[in-house]
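Structure first, commentary second.
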Amino acid sequence: MTVLIRSLLLLLASCAITAQAADTGWLRNAQNNHAEVRLRSASHNDNQQLLLDIRLQPGWKTYWRTPGEGGVAPEIRWQTPEVNAQWFWPAPERFDVSGLTTQGYKGDITLPIELAKLSSQQLAGTLTLSTCSDVCILTDFPFSLDLTQPADADFARDFAEAMGRIPAASGLTDQLDASFVNGELQIHAQRQGGWQQPELFFDYPPGSMLAAPQISVKGDTLSARVAVTDEWGEAAPDLRGKTLSLVVADGGIAQQSVIHIGAQTLVSGDGAHTLWSVLLLALLGGLILNLMPCVLPVLAIKLSSLVQQQGQTQRQTRQQFLASSAGIIFSFLLLALLMTGLRLSGQALGWGIQFQSSGFLLVMVLVMFLFSASLFDLLHFRLPSGLNTKLATQGGDGLLGHFGQGAFATLLATPCSAPFLGTAVAYALTAPLPQLWLLFVALGVGMSLPWLLVAALPGMARCLPRPGRWMVHLRSVLGLFMLLATFWLVTLLVPHWGSTFALVLAGVLLAVLCGWLVKRRALQQAGVVFITLTLAGALFLMTRITPEEETLHWQPLTEAAIHQALEQDKRVFVDVTADWCITCKVNKSRVLNQPDVRAALKADDVVLLRGDWTQPDPAIGEFLRRRDRVAIPFNQIYGPALPQGQILSPLLSREAVISTLSEAKK
């Protein structure tokens with residue numbers, strides 16, 4: 001028994017000798033009452049162990065070893081000579097503020113540090129800590145540790161717990177690869193048992209900046225795409241052949257890895273698409289454009305053209321439908337040229353962005369008005385007789401006119417984002433330029449497929465009723481539809497030049513058309529036009545006066561607002577819309593304004609964020625780009641159970657909105 005007691009006393013004495021510690025207590029700075037720090041130390045074998053404890057008030061954060069696009073990592077300037085320190089970093093969180101992505105910590109955090117053997121009994125230095133909320137503060141905390149002080153009884157346990165939160169070198173992923181393709185970093189990871197809420201944090205390769213990753217999970221496979229730029233936000237440096245240090249975290253487990261960056265394509269399926277699959281999506285997206293609600297004027301043009309096919313030969317029918325198809329494809333080539341110019345100039349890219357231009361809208365108003373006058377038989381487009389002969393025309397309505405119909409049909413269709421179209425366009429606008437042109441050709445072919453079908457089977461045009469007086473009435477109805485579309489384009493000028501200009505322009509166009517009809521003694525048509533457009537104008541003014549959203553409280557869309565709502569365990573409904581987006585208005589009327597959807601959106605824990613892209617807005621363009629989207633409508637739902645967000649279909653459904661909101665809740 002005596003031997004046992006002596007052995008225990010010797011063991012305690014040995015621990016007292018080998019576990020000496022020092023403690024600064026909690027340090028504060030009068031210039032920063034939002035943070036306090038504490039340093040503790042103990043000897044361990046021949047080295048010195050150090051714990052840096054940081055306490056932050058709610059709403060404040062500090063930074064990881066790689067802060068991201070802003071911020072400064074904690075740093076100690078040592079006054080003690082010959083200090084060789086190794087910092088250990090727990091897995092951080094990602095913060096998105098004002099479009100900037102940062103990596104760091106909030107609340108209480110402990111950073112373990114190991115120091116090589118010290119010859120001095122004093123350890124002194126100054127800790128510089130960057131803390132941020134709405135503002136950022138750099139605070140210095142001078143400290144001095146007396147290493148001869150007795151051991152802290154809790155130090156060994158606290159140091160072990162802190163080291164337990166440091167990402168391990170393995171154990172999370174079964175396979176992890178990185179590649180650099182077409183200016184973006186791609187990550188591919190396998191984990192047996194699947195993924196829950198994975199996150200990726202990067203040490204930026206020299207000379208580069210990495211955006212927040214776009215993560216998708218399918219079974220055991222994680223795929224991520226990361227936008228890369230240089231340190232000035234310009235073209236991405238070539239990362240092929242370099243090494244990437246990153247932390248992969250999921251479900252409270254984290255892994256630190258250093259991997260080689262290859263050049264092969266890793267991300268496929270939902271994360272990226274092979275060229276052939278995107279070509280198919282482009283064909284389908286172009287085809288579906290014919291069915292979108294914003295293509296009513298396009299259908300008017302097509303029906304008018306079909307009516308005029310009566311009595312013509314199959315050869316003439318085939319030529320005219322092929323000319324219209326060529327006009328559609330040609331207009332998509334013009335759009336590809338526009339997108340190419342915008343990309344080379346560094347401007348924002350997006351489907352339908354030409355409707356953000358007041359000049360384009362004014363030209364389209366005039367063109368649509370002339371088309372309307374033509375359908376009311378007030379105006380005839382005739383070509384020189386020599387050109388008519390060359391184009392094999394009949395009655396002055398030649399192939400060039402059909403070509404123009406197809407071209408303008410495409411321009412009118414661009415405010416819509418159909419299923420598959422957004423994916424194809426998003427891929428095209430980030431792909432190499434040859435692929436961009438190829439995909440826009442596929443979009444044009446897809447939209448012109450109905451025309452090409454009639455060209456291949458011209459006998460289909462003969463299925464229409466025999467020519468008669470009904471054709472005159474049909475032309476008038478189509479002209480009225482076209483005129484309504486013209487005045488809709490006038491309303492899109494309101495954000496640019498104000499309501500007064502739009503009302504004056506609408507009044508002038510109405511007066512000109514009605515006066516024209518009266519002069520031609522088409523009094524009945526003039527009356528119908530006047531009454532229809534007056535009622536449409538009154539309805540438009542009523543919608544401007546009466547709030548459409550009533551009790552729905554929309555807030556401006558920012559990345560910071562999304563992050564703040566998620567921090568408060570709230571759900572977020574994101575809506576990016578524009579006045580020129582017809583599909584957006586259909587979604588609003590058919591889904592968002594329905595009682596059951598409104599009730600779900602008015603829940604106490606739901607935050608509504610709306611971005612208006614009626615006019616150019618770089619912030620909204622960047623918001624969409626981060627999510628690999630270039631077209632609207634765009635809707636996304638976040639929540640405690642959907643921290644990465646769930647993107648909804650461009651054509652919303654009540655069931656999808658309500659069910660996804662329910663899934664987003666804890």
Side-chain angles (χ1 to χ4, degrees), residues 24-39 52-77 87 89-111 125-143 199 201-204 208-213 227 229-233 247 553-570 572 574 607-611 617-623 625-626 638 643 645:
T24 64
W26 288 103
L27 304 177
R28 299 170 181 84
N29 189 305
Q31 305 300 320
N32 182 1
N33 58 0
H34 305 291
E36 54 185 5
V37 302
R38 176 189 182 192
L39 290 101
L52 170 58
D53 300 315
I54 302 173
R55 285 180 181 172
L56 300 173
Q57 289 190 356
W60 288 80
K61 65 178 183 292
T62 190
Y63 295 96
W64 190 47
R65 64 184 182 225
T66 300
E69 296 176 317
V72 179
E75 181 184 13
I76 295 178
R77 299 189 302 276
W87 292 62
W89 302 87
E93 299 180 56
R94 179 169 283 103
F95 305 98
D96 292 314
V97 180
S98 301
L100 298 179
T101 296
T102 58
Q103 303 173 133
Y105 310 100
K106 62 182 180 180
D108 297 345
I109 188 69
T110 297
L111 303 179
T126 299
L127 167 69
T128 299
L129 185 71
S130 174
T131 54
C132 290
S133 180
D134 296 331
V135 296
C136 290
I137 304 173
L138 274 176
T139 308
D140 286 339
F141 295 93
F143 67 90
E199 295 181 284
F201 307 98
F202 303 101
D203 291 303
Y204 295 171
S208 67
M209 297 289 286
L210 307 183
T229 64
D230 65 10
E231 294 173 325
W232 302 99
V247 170
H553 302 294
W554 294 95
Q555 302 176 31
L557 173 62
T558 63
E559 298 280 7
I562 295 175
H563 179 72
Q564 182 179 2
L566 291 176
E567 283 187 331
Q568 298 171 358
D569 287 334
K570 293 187 176 182
V572 181
V574 173
V607 177
L608 305 179
L609 302 179
R610 172 166 285 173
D617 188 332
I620 294 179
E622 175 65 16
F623 180 89
R625 185 188 67 80
R626 287 174 177 269
Y638 290 85

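Numbering starts at 1 and runs along the sequence shown. Just so it is clear, the model here is predicted, and its values are computed rather than measured.
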- [ ] To the nearest 0.5 angstrom, please state how far the CG atom of Asp140 sits from the CD atom of Glu75.
- [x] 10.0 Å

Task: Reported NZ-to-CD distance for the pair Lys570 and Gln564, which is rounded to 0.5 angstrom - done: 8.5 Å

Task: Spacing of CG belonging to Asp108 relative to CG belonging to Asp53, to within rounding of 0.5 Å - done: 8.5 Å

Task: Short side-chain to backbone donor-acceptor contact, Tyr105 and Pro90, under 3.5 Å - done: yes

- [ ] Verify, without hydrogens or angle tests, whether Thr102 (side chain) and Gly70 (backbone) share a donor-acceptor contact under 3.5 angstrom.
- [x] no

Task: Residues in side chain to side chain contact (heavy atoms under 4.5 Å, CB included) contact with Ala619, at least two apart in sequence or another chain - done: Asp617

- [ ] Kindly indicate, with the supporting measurements, whether the criterion side chain to side chain contact (heavy atoms under 4.5 Å, CB included) is fulfilled by Tyr63 and Cys136.
- [x] CA-CA 11 Å; Tyr63 295 96; Cys136 290; 4.1 Å; yes

Open item on the list: The criterion is ring-ring contact (aromatic ring centres under 6.0 Å, His included); which residues satisfy it with Trp87, sequence neighbours excluded?
Closed with: Trp89

Task: Backbone of Thr139 reached by a side-chain donor or acceptor of Gln31 within 3.5 Å - done: no

Task: Partners meeting side chain to side chain contact (heavy atoms under 4.5 Å, CB included) with Gln555 (sequence neighbours left out) - done: Val607, Leu609

Open item on the list: Looking at Thr62 and Ser130, would you say the former's side chain and the latter's main chain have a donor-acceptor pair under 3.5 Å?
Closed with: yes

Task: Contacts of type side chain to side chain contact (heavy atoms under 4.5 Å, CB included), residue Leu27, not counting sequence neighbours - done: Thr24, Val37, Leu39, Phe141, Phe143

Task: Under the side-chain hydrogen bond (donor to acceptor under 3.5 Å, both in side chains) test, residues paired with Thr126 that sit two or more places apart - done: none

- [ ] For the pair Glu69 (side chain) and Thr101 (backbone), establish whether a donor and an acceptor sit closer than 3.5 Å, ignoring hydrogens and angles.
- [x] yes

Task: Pair Glu567 + Lys106, salt bridge at N-O below 4.0 Å - done: yes

Task: Rounded distance (nearest 0.5 Å) linking atom CE of Met209 with atom OG1 of Thr66 - done: 10.0 Å

Task: Residue list, side-chain hydrogen bond (donor to acceptor under 3.5 Å, both in side chains) with Asp569, at least two apart or on another chain - done: none

Task: Evaluation steps, side chain to side chain contact (heavy atoms under 4.5 Å, CB included), between Ile137 and Leu129 - done: CA-CA 8 Å; Ile137 304 173; Leu129 185 71; over 6 Å; no

